[in-house]
2 protein chains.
Amino acid sequence: MISFDRQNIIKDLSIKTDSKIVLLVMDGVGDLPNEEGKTPLKAANKPIMDSLAKESELGQSIAVFQGITPGSGPGHLSLFGYDPLKYQIGRGILEALGLDVEVGPKDVVARANFATIKNGVIIDRRAGRPASEESKKIVELLSEKIKQIDDVKITFYPGKEHRFVVKFSGEGLFDEVSDADPQKEGHPMEWAKSLNPDSEKMAKIANKLLKEIGEVLKDQPKMNFALLRGFSKHPKLPTFKEIYKLDAAAIATYPMYRGLAKLVGMQIIKTGETIEDEIETLKANWNKYDFFFVHVKKTDSYGEDGNFNEKVKVIENTDRVLKDILALKPDVLIITGDHSTPAPMKSHSWHPVPVLINSKFVRKGLSNVFDEFECARGVLGTISALDLLPLALAHAGKLEKYGA
Amino acid sequence: MISFDRQNIIKDLSIKTDSKIVLLVMDGVGDLPNEEGKTPLKAANKPIMDSLAKESELGQSIAVFQGITPGSGPGHLSLFGYDPLKYQIGRGILEALGLDVEVGPKDVVARANFATIKNGVIIDRRAGRPASEESKKIVELLSEKIKQIDDVKITFYPGKEHRFVVKFSGEGLFDEVSDADPQKEGHPMEWAKSLNPDSEKMAKIANKLLKEIGEVLKDQPKMNFALLRGFSKHPKLPTFKEIYKLDAAAIATYPMYRGLAKLVGMQIIKTGETIEDEIETLKANWNKYDFFFVHVKKTDSYGEDGNFNEKVKVIENTDRVLKDILALKPDVLIITGDHSTPAPMKSHSWHPVPVLINSKFVRKGLSNVFDEFECARGVLGTISALDLLPLALAHAGKLEKYGA
């Protein structure tokens, strides 16, 4: 509710101006202190970020609500100002976005697992976790043998290990379909069921497809069947242009983040694989947009690996390129993460995320360094991640006064 | 939504007691640091306020949501505990309140501009911004020539420069009427349109009035026509007495703030033009009420002028009279603002507003001075301005326990 009203109000108050905003997301940047009391942010040698902290407002944000560990989807939607409790993005879509799959308005996508079936019973839901190269070959085999079920076009996309994605393209397909998955091993197959009369065709096609997959793979030792979960259509979200009047661009090295940005109507700019590539892309496109989402992936990846030292290095590397971002003189620069990924936990967590906002209208002077502790005591206080986009617009002079 | 639920709960829990609350609002008090890192609050020599800070809880408040710059209406409603997203006060009403116009339950008011029309085209929406004395004479001419349109009584009230207010009094008038204003110059006149069948009479009367105004003023060189905007009836808000069981009084030198207080059922006490006058009024009425809203206007005015030094002086002046307020021994004293008006921005802003709460039940001891930075790190944290009234009641012993 809150964000629905908020976005309506922001839509009424936002105006188009020439000012430029950069949202620099260090994925999973928040962490926990090690035995020396240092988090990667605190341990990193990051002179530019710390000197920027003196000229900025610090705070910490919560993506969903306190105690909730957000996935990448909710984490980013919240940063973009979309209440993740209102806009729930289907797993199939997220998986498809992560594989750079184009999903059209008539398509339904589902995430799929290779599985092992014996006498109608699913004995391994992951088919012994095959290597990705191995499962990729089976996906290619399926692509060759199965191109259509009835009037619905079928496309397969290989993923990691036992995972792949199926896209169904045709008329009259809706996504209110239960998972075709017994959920537990040693149970007979559960077929897809429509949860709504509109979705009957989709459930029927899904089950027919699974039977055909079973037929094509019947002689495979382990990958002799598949499960389908998270049927979803492309969600309809209001765009950055509609709500914020922003011409927004996304610069990200990983497909899932490009996909999330695309959901909210950002333009995806092709870039390379490193942070330096991303900054070159930013420079080259500086005059074409007024909002840039720049995504740094590796802080999260090393957090997930439990690799404190490498996470520190990614932060230090980001600090080096920050010089080039500042040289572009953005009117507003926000540095934050989408969630915390503490190295000792090797996973996303619920801990608040450090936030830095820089503009010429900041209540600066309280903090000297950018880390979890200074952010917890910063002038911004503890805010919702949903507050960030309105704050960015305000600092950029893009929001008119509310009421007389 | 939130405040509706809140106000229902507060209504159930609030009790009448003898304790007294003072809400001292320094309008627009929050600011940004200057080159020496000082805000007006930090720069001001205010020994009483700072010594009070040691005995109080500090925090900072947000009137609407982060990033939103509130007008005076939403800013004050929020301080009074009324969600400004739920209670949207029409521009016509606010303008009327600002001119001390009495608006009855059957009246509709609209704000009006003198304009210049030529061959049916509005060539100047502000009629060359006449001096207030000049336009006042034209308002007097209209008052003399036009007293009624059909069965509706018309009253004109002069305002600043090209602005004035029209009150329509009669049966069957509703305010769902579009502005009679082309919005842009060089466009033909746009007449008022009813947005709802109930409001047809109001639209018709408004257009008839404008034609008569055009007739009366046809020989004027510039002020030869008028535009009407923000048609509004008096909104129906639950009162302080109903929700909080408070007998509340307002002491304010400017009519708009008296009007806002009246909207929530406060008694308006006549006062003079200075802060000292306001304190004399407070003393003289101390035994008659249990809640006093005392409004200091000039902190905002000097913020709007970009005059840092004069804003400092108003704070110092407020500090001097604070001695007299404390001598009355209020059970609860809150010192805050309705929004920030940073001198370098010369306008209202979205920045959080410093809050000080003093009572004998405070978690005191964390802060030594009252300024934006100490408030950001105060024991209260960052709160919604909607939290202030419940906190005031709690500290005054006027709220019972919720649940057993």
Side-chain angles (χ1 to χ4, degrees), chain A residues 1-10 12-14 21 54-62 81 83 244 332 334 355 357 359-367 374-404, chain B residues 1-2 30-34 36-39 42 59-60 62-78 84-95 97-98 111 230 256 339-340 342 344-345 347-352 372-378 380-383:
Chain A
M1 285 301 277
I2 282 170
S3 89
F4 177 66
D5 291 338
R6 279 186 183 215
Q7 284 198 327
N8 271 351
I9 286 159
I10 297 289
D12 283 349
L13 300 180
S14 64
I21 300 168
K54 297 185 185 115
E55 303 294 319
S56 301
E57 295 185 358
L58 303 189
Q60 57 180 4
S61 79
I62 299 289
D83 188 340
Y244 307 129
V332 180
I334 293 182
V355 172
I357 300 185
S359 84
K360 60 180 175 215
F361 302 119
V362 288
R363 212 170 251 174
K364 64 187 178 184
L366 193 60
S367 306
E374 281 301 309
C375 285
R377 291 163 40 101
V379 286
L380 268 179
T382 301
I383 61 176
S384 163
L386 290 171
D387 292 329
L388 282 174
L389 233 291
L391 280 169
L393 295 172
H395 280 271
K398 292 182 192 287
L399 276 189
E400 295 194 315
K401 187 161 69 173
Y402 177 70
Chain B
M1 287 299 276
I2 284 171
D31 213 296
L32 292 173
N34 63 10
E36 293 154 32
K38 289 190 175 169
T39 62
K42 206 168 152 78
Q60 59 181 3
I62 298 290
V64 185
F65 56 84
Q66 291 270 12
I68 300 299
T69 296
S72 299
H76 277 84
L77 283 187
S78 198
L85 296 175
K86 176 179 155 91
Y87 297 106
Q88 305 197 9
I89 309 300
R91 295 244 168 185
I93 280 288
L94 274 180
E95 195 86 3
L97 294 177
R111 47 182 196 157
M256 184 191 284
H339 51 75
S340 294
M345 295 180 73
S347 67
H348 292 196
S349 82
W350 63 90
H351 300 88
E372 290 83 352
F373 301 102
E374 281 302 309
C375 284
R377 289 190 168 178
L380 271 179
T382 302
I383 61 177

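Small disclaimer: the values here were computed from a predicted structure and weren't measured. Order of the sequence lines fixes the chain letters, A, B, ..., with proteins taken first and strands second; residue numbering starts at 1 for each chain.
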(message) Tell me whether the rings of A:F361 and B:W350 are parallel (<30°), tilted (30 to 60°) or perpendicular (>60°).
(response) perpendicular

(request) Give, as side chain, backbone, both or neither, the part of B:T39 having an atom under 4.5 angstrom from any heavy atom of chain A. (result) neither

(message) What I want to find out is whether A:E55 reaches A:K364 closely enough, with some N-O distance under 4.0 Å, to be called a salt bridge.
(response) yes

(request) Can you tell which part of B:Q60 gets under 4.5 Å to a heavy atom of chain A, answering side chain, backbone, both or neither? (result) side chain

(request) Flag the one option from A:D387, A:L399, A:L366, A:T382 with the top tally of heavy-atom pairs under 4.5 Å to chain B. (result) A:L366

(request) Among the options B:I89, B:I62, B:V64, B:D31, pick out the one with the most heavy-atom pairs lying under 4.5 Å from chain A. (result) B:D31

(message) Could you check, using the six-membered ring where one of them is a Trp, whether A:H395 and B:H351 have ring centers closer than 6.0 angstrom?
(response) yes

(request) Considering only heavy atoms and a distance below 4.5 Å, find which of B:P344, B:P33, B:G73 pairs most often with chain A. (result) B:P33

(message) Between A:V379 and A:V362, is there a side-chain heavy-atom distance shorter than 4.5 Å?
(response) no

(request) Determine, for B:F65 and A:R6, whether the Lys NZ or Arg CZ falls below 6.0 Å from the six-membered ring centre while staying within 45 degrees of the axis. (result) yes

(request) Below 4.5 Å from any heavy atom of chain B, which atoms of A:S367 appear? Answer side chain, backbone, both or neither. (result) side chain

(message) I'd like to know whether NZ of B:K38 has more than 12 heavy-atom contacts from other residues, nucleotides or ligands below 6.0 angstrom.
(response) no

(message) For the interface with chain B, which of A:S384, A:G365, A:G403 has the highest count of heavy-atom pairs at distances below 4.5 Å?
(response) A:G403

(message) Measuring from atom CD1 of A:I357 to atom CD1 of A:I21, what distance do you get when rounded to the nearest 0.5 angstrom?
(response) 10.5 Å

(request) Could you check which of B:G75, B:G37, B:P342, B:P352 has the highest count of heavy-atom pairs closer than 4.5 Å to chain A? (result) B:P352

(message) Under a 4.0 Å threshold between the charged nitrogen and the carboxylate oxygen, would A:E374 count as salt-bridged to B:R377?
(response) yes

(request) Select one option (side chain, backbone, both, neither) describing which atoms of B:L85 are under 4.5 Å from chain A's heavy atoms. (result) both

(request) Answer with side chain, backbone, both or neither: which region of B:T69 has an atom nearer than 4.5 Å to a non-hydrogen atom of chain A? (result) both

(request) Sort A:I10 into side chain, backbone, both or neither according to what part of it lies under 4.5 angstrom from a heavy atom of chain B. (result) side chain

